[in-house]
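Because the structure is a prediction, the values reported are computed rather than measured. Every chain is numbered from 1 and lettered A, B, ... according to where its sequence line falls, protein lines coming before strand lines.
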Amino acid sequence: MKILSPEEYIHLTSKQSLQQEGSLIRIENPITGRIHTSYQQAVTSTGRLSSTEPNLQNIPIKTAEGRRIREAFVPEKGNVLISADYSQIELRIMAHLSKDKNLTHAFNNNLDIHSATAAEVFGVSLDEVTQDQRRSAKAINFGLMYGMSAFGLTRQLDIPRAEAQKYLDTYFERYTGVKEYMENIKAKAKEDMYVETIMGRRLYLNEINAANGLRRQAAERAAINAPLQGSAADIIKKAMIDINKFLNKEMPEVKMIMQVHDELIFETPKQSSEEVLQLVKKMMEEAVKLDIPLIAEAAIGENWNEAH
DNA sequence: CACTTCGGCGCG
DNA sequence: AAAGCGCGCCGAAGTG
């Protein structure tokens, strides 16, 4: 193995070089034989990390080809990967912050949240929910957290405007706590000029009272989303600190190697991997205590695709 | 030649 | 006119 001078190392890992090479396999660090991302801790407005050179937070997964790509991410021989991700953490935070009774009930009873929403919005029982209704409810749930309007839902679901409006109206009838939360957070943002996460991270919204309606509405959407996305970031960071402390002391052979917003990836010797899985899952779920339970789903694999 | 901007696309 | 949050990287086209 060649030991590189600092100049050579910096050249090989420079952004410029990265673009020239254009392939993960060629940016392997010659000293460690591995690919190393850099996490930026003071970039995003909400408190998330960002990942650069290379960005490992946007590796494909949604298509079959994408999953094949993930199979290329493997641990050292004798080790396995563990992926543990929070289930619906932002919606759970919405339940916690809004104290909405219906949403809280769904999470306290560990219901399939999109099916539960579909049952409410379409007025059917849980076991009558169709695939299509669940799909619509999922779009509503995600859209709400981003401050989406009826127009946005129309485009997302390819349905008439009036129907999208009816879905949203019904949603807010069934989830009045969420409706109040949306209104309250906007009102508070306009008064304070900022919103904050459960741990007090603030996002200042300079345009929340702008005369320009487009800019003002964009700030309102950010006001709705930032406490949800940002609190999720707070929670996983707390979990990372707890887990790191524990691993350093008790299981230094286990490495926490990646974070993808609501997911942590570990590399660990195969023998103890089942025990490690249970430990990290528990520490993620207990990172903070909310009004509703936090659930982390974890799996073991020979590559990133299998583990996820 | 290095840098910037923009539209497109990958992820949560 | 735009109407869904948060990111980073790519290629094409333009700038100096």
Asker: Is there a side-chain contact between A:I208 and A:Y194 in this structure, where contact means two heavy atoms from C-beta onward sitting under 4.5 Å apart?
Answerer: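 Heavy-atom side-chain distance check fails, nothing below 4.5 Å.
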Asker: Could you tell me how far apart A:F73 (CZ) and B:dG10 (P) are, to the nearest whole angstrom?
Answerer: 16 Å
Asker: Just the rounded figure in Å: distance from C1' of B:dG12 to CG of A:N58.
Answerer: 10 Å
Asker: Could you state the CD1-P distance from A:I93 to C:dG6, rounded to the nearest angstrom?
Answerer: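 Checked: the CD1 to P distance equals 16 Å.
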Asker: Can you check the A:Y39 OH to C:dG8 P distance for me, whole Å?
Answerer: 13 Å
Asker: Does A:T52 place a side-chain N or O at less than 4.0 Å from the phosphate oxygens OP1/OP2 of C:dG8?
Answerer: no
Asker: Could you check whether the rings of A:F142 and A:Y146 sit parallel, tilted or perpendicular, using 30° and 60° as the cut-offs?
Answerer: tilted
Asker: Can you check the distance between C:dA2 and B:dG8, where both ends of the measurement are the P atom (answer in whole Å)?
Answerer: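 The answer is 13 Å between these two P atoms.
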Asker: Measure CE/A:M258 against P/C:dG8 and give the value in whole Å, please.
Answerer: 17 Å
Asker: Any salt bridge linking A:K245 with A:D242? Criterion: basic side-chain nitrogen under 4.0 Å from a carboxylate oxygen.
Answerer: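 No.
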Asker: Which whole-number value in Å describes the distance from A:R221 CZ to C:dG6 P?
Answerer: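 So the CZ-P distance, A:R221 to C:dG6, works out to 9 Å.
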Asker: With a 4.0 Å cut-off on N to O distance, would you call A:D192 and A:R202 a salt bridge?
Answerer: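 Not counted as a salt bridge, because no side-chain N and carboxylate O are separated by less than 4.0 Å.
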Asker: Do the side chains of A:E267 and A:R34 get close enough for a salt bridge, i.e. N-O under 4.0 angstrom?
Answerer: yes
Asker: Using the side-chain heavy atoms of A:E53, tell me which of these nucleotides is nearest: C:dA3, C:dC5, C:dC9.
Answerer: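 Closest of the options to the side chain of A:E53: C:dC9.
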Asker: Using the P atom on both, measure B:dG7 against C:dA3 and round to a whole Å.
Answerer: 12 Å
Asker: When you measure from the side chain of A:S45, which nucleotide among B:dG12, C:dC9, C:dG6 comes out closest?
Answerer: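 Out of B:dG12, C:dC9, C:dG6, the nucleotide with an atom closest to A:S45's side chain is C:dG6.
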Asker: Test of understanding: with side-chain contact (heavy atoms from CB on, under 4.5 Å), list the residues that count as partners of A:A233, not counting sequence neighbours.
Answerer: A:R48
Asker: Over all strands shown, is A:R48 touching base, sugar-phosphate only, or nothing at heavy-atom distances under 4.0 angstrom?
Answerer: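 Base, at least one base atom sits under 4.0 Å.
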Asker: Closest nucleotide of DNA chain C for A:A218 versus for A:L214: which of these residues is on the 5' side?
Answerer: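 So the residue in question is A:L214.
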Asker: Output the rounded distance in Å from CG (A:L264) to C1' (B:dG12).
Answerer: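 These atoms are roughly 13 Å apart.
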Asker: Quick one: A:Q259 CD to B:dC11 P, roughly how many Å, whole number?
Answerer: 17 Å
Asker: Considering every strand and a 4.0 Å limit on heavy-atom distances, what is the contact class for A:L49: base, sugar-phosphate, or nothing?
Answerer: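 The residue A:L49 makes no contact with any strand.
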Asker: Hunt down any stem DNA chain C takes part in, defined as 3 or more consecutive Watson-Crick or G-U pairs whose two distances are each under 3.5 Å.
Answerer: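 The stems that DNA chain C takes part in, listed by first number, are B:1-12 with C:5-16.
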Asker: With the side chain of A:F151 defined as its heavy atoms from C-beta on, choose the nearest nucleotide among C:dG6, B:dG10, C:dA3.
Answerer: C:dA3
Asker: Less than 4.0 angstrom from a charged side-chain N to a carboxylate O is my criterion; do A:E302 and A:K270 meet it?
Answerer: yes
Asker: Inspect the contact between A:R68 and A:E71 and indicate whether a charged nitrogen and a carboxylate oxygen are less than 4.0 angstrom apart.
Answerer: yes
Asker: I want to check one thing: is the phosphate of B:dG12, taken as OP1 and OP2, less than 4.0 Å away from some side-chain N or O of A:S50?
Answerer: no
